[in-house]
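A short write-up of the structure that comes next.
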Amino acid sequence: MSWCNPVSNSELRCKVYAYTLTCDSVARCQLQGINQFNGDFGCSWCLHEGKRVAKENVYVMAYPFIGNPPPPARTHKSIQDECIKMISGQAPSFGVRSVSPLLLLPQFNMVSSFPVDYMRAVCEGVIEKIYQFMV
């Protein structure tokens, strides 16, 4: 970005990088260009396929705990590779649905630049339920 300092009338240049993007879990999936958390491969941080399970009279997506080895982690490169497949006409996989414009941002990581959704994970008790399940 270039701008003119009005006091000294000199041109100044600076670079701005986006390292983190905070949003809720619904917006995160759209910004990453992957399936939502209730779809196949809907985890923003790993490649867990998920499993549809019956709950009352509907089916919901669940991501049951998997022992050893854990599902592989998503990486910035893995999302890029799936987007390249999509652009070249091949069917994308691992839940990638669209090419995100955020891929154009330098220094921005499509996985680690998105923190966990505090509102749902902590305030609505998801972490507490996971903890109770594991104890």
Side-chain angles (χ1 to χ4, degrees):
M1 178 172 31
S2 296
W3 55 286
C4 182
N5 183 334
V7 176
S8 65
N9 203 24
S10 61
E11 183 180 348
L12 300 170
R13 294 174 189 243
C14 61
K15 293 182 180 183
V16 178
Y17 295 105
Y19 288 107
T20 303
L21 200 158
T22 304
C23 57
D24 72 351
S25 54
V26 177
R28 183 180 60 241
C29 300
Q30 293 172 354
L31 291 169
Q32 286 178 307
I34 64 173
N35 284 339
Q36 197 168 313
F37 53 86
N38 58 356
D40 296 338
F41 295 101
C43 178
S44 294
W45 297 281
C46 78
L47 295 173
H48 194 309
E49 185 173 4
K51 180 179 176 182
R52 298 211 183 281
V53 294
K55 182 178 180 182
E56 298 170 6
N57 58 349
V58 296
Y59 283 87
V60 297
M61 182 59 76
Y63 296 91
F65 178 74
I66 296 178
N68 291 327
R74 269 192 204 277
T75 63
H76 182 81
K77 179 155 177 32
S78 70
I79 292 177
Q80 279 181 322
D81 291 345
E82 293 303 316
C83 290
I84 290 169
K85 282 172 49 178
M86 185 183 304
I87 291 169
S88 65
Q90 299 176 31
S93 53
F94 300 114
V96 175
R97 300 173 52 134
S98 64
V99 178
S100 173
L102 296 175
L103 285 166
L104 299 174
L105 294 176
Q107 309 294 324
F108 189 82
N109 187 299
M110 291 296 291
V111 179
S112 64
S113 290
F114 289 95
V116 174
D117 178 9
Y118 175 79
M119 180 180 72
R120 287 183 176 76
V122 178
C123 298
E124 291 184 2
V126 173
I127 298 296
E128 182 180 357
K129 287 180 185 179
I130 291 171
Y131 177 75
Q132 289 172 352
F133 175 75
M134 296 179 77
V135 173

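L105 is not connected to Y19 by any chain of hydrophobic side-chain contacts under 4.5 Å among Ile, Leu, Val, Met, Phe, Trp and Tyr, and they are in different clusters. Linking Ile, Leu, Val, Met, Phe, Trp and Tyr whenever their side-chain heavy atoms come within less than 4.5 Å leaves I84 and L103 in two separate clusters. Tracing side-chain contacts under 4.5 Å through hydrophobic residues (I, L, V, M, F, W, Y), one never reaches F37 starting from V116; they form parts of separate clusters.
Closest of all the heavy-atom pairs between Y17 and P106 is CD2-O, 3.7 Å. Nearest approach of F114 to L102, heavy atoms of both residues: CZ-CD1, 3.8 Å. Between L47 and A73, the closest heavy-atom pair is CD1-O, 4.3 Å. Counting all heavy atoms, side chain and backbone alike, S44 lies closest to Q32 at OG-OE1, 2.8 Å. When every heavy atom of V111 is checked against every heavy atom of T75, the shortest pair comes out as CG2-C, 3.6 Å. For the residue pair N38 and M61, the shortest heavy atom distance occurs at O-CB, 3.5 Å.
For the pair Q36 (side chain) and V26 (backbone), a donor-acceptor distance under 3.5 Å is absent. A donor-acceptor distance shorter than 3.5 angstrom exists from the side chain of R74 to the backbone of F94, with no hydrogens or angles considered. S2 places no side-chain N or O within donor-acceptor distance of the main-chain N or O of R13, the cut-off being under 3.5 Å. Side-chain atoms of S100 come within 3.5 Å of backbone atoms of L31 as a donor-acceptor pair (strictly under, hydrogens ignored). Put simply, the side chain of H76 never gets that close to the backbone of S112: no donor and acceptor are under 3.5 Å apart.
Contact check for S113 versus L21: no side-chain heavy atoms found under the 4.5 Å cut-off. For the pair N9 and C4, the minimum side-chain heavy-atom distance is below 4.5 Å. With a 4.5 Å cut-off on side-chain heavy atoms, I34 and E82 do not count as touching. At least one side-chain heavy atom of R52 sits less than 4.5 Å from a side-chain heavy atom of D40. K85 is not listed as a side-chain neighbour of P92, based on a closest heavy-atom distance of 4.5 Å or more.
Aromatic ring centroids of F41 and Y63 lie 6.0 Å or more apart.
K77 and D81 are joined by a salt bridge, as a carboxylate oxygen and a charged side-chain nitrogen come within less than 4.0 angstrom of each other. Using a 4.0 Å cut-off between charged side-chain N and carboxylate O, E49 and K51 make no salt bridge.
If you take CZ on R97 and SG on C83, they are separated by 12.5 Å, rounding to the nearest 0.5 Å.
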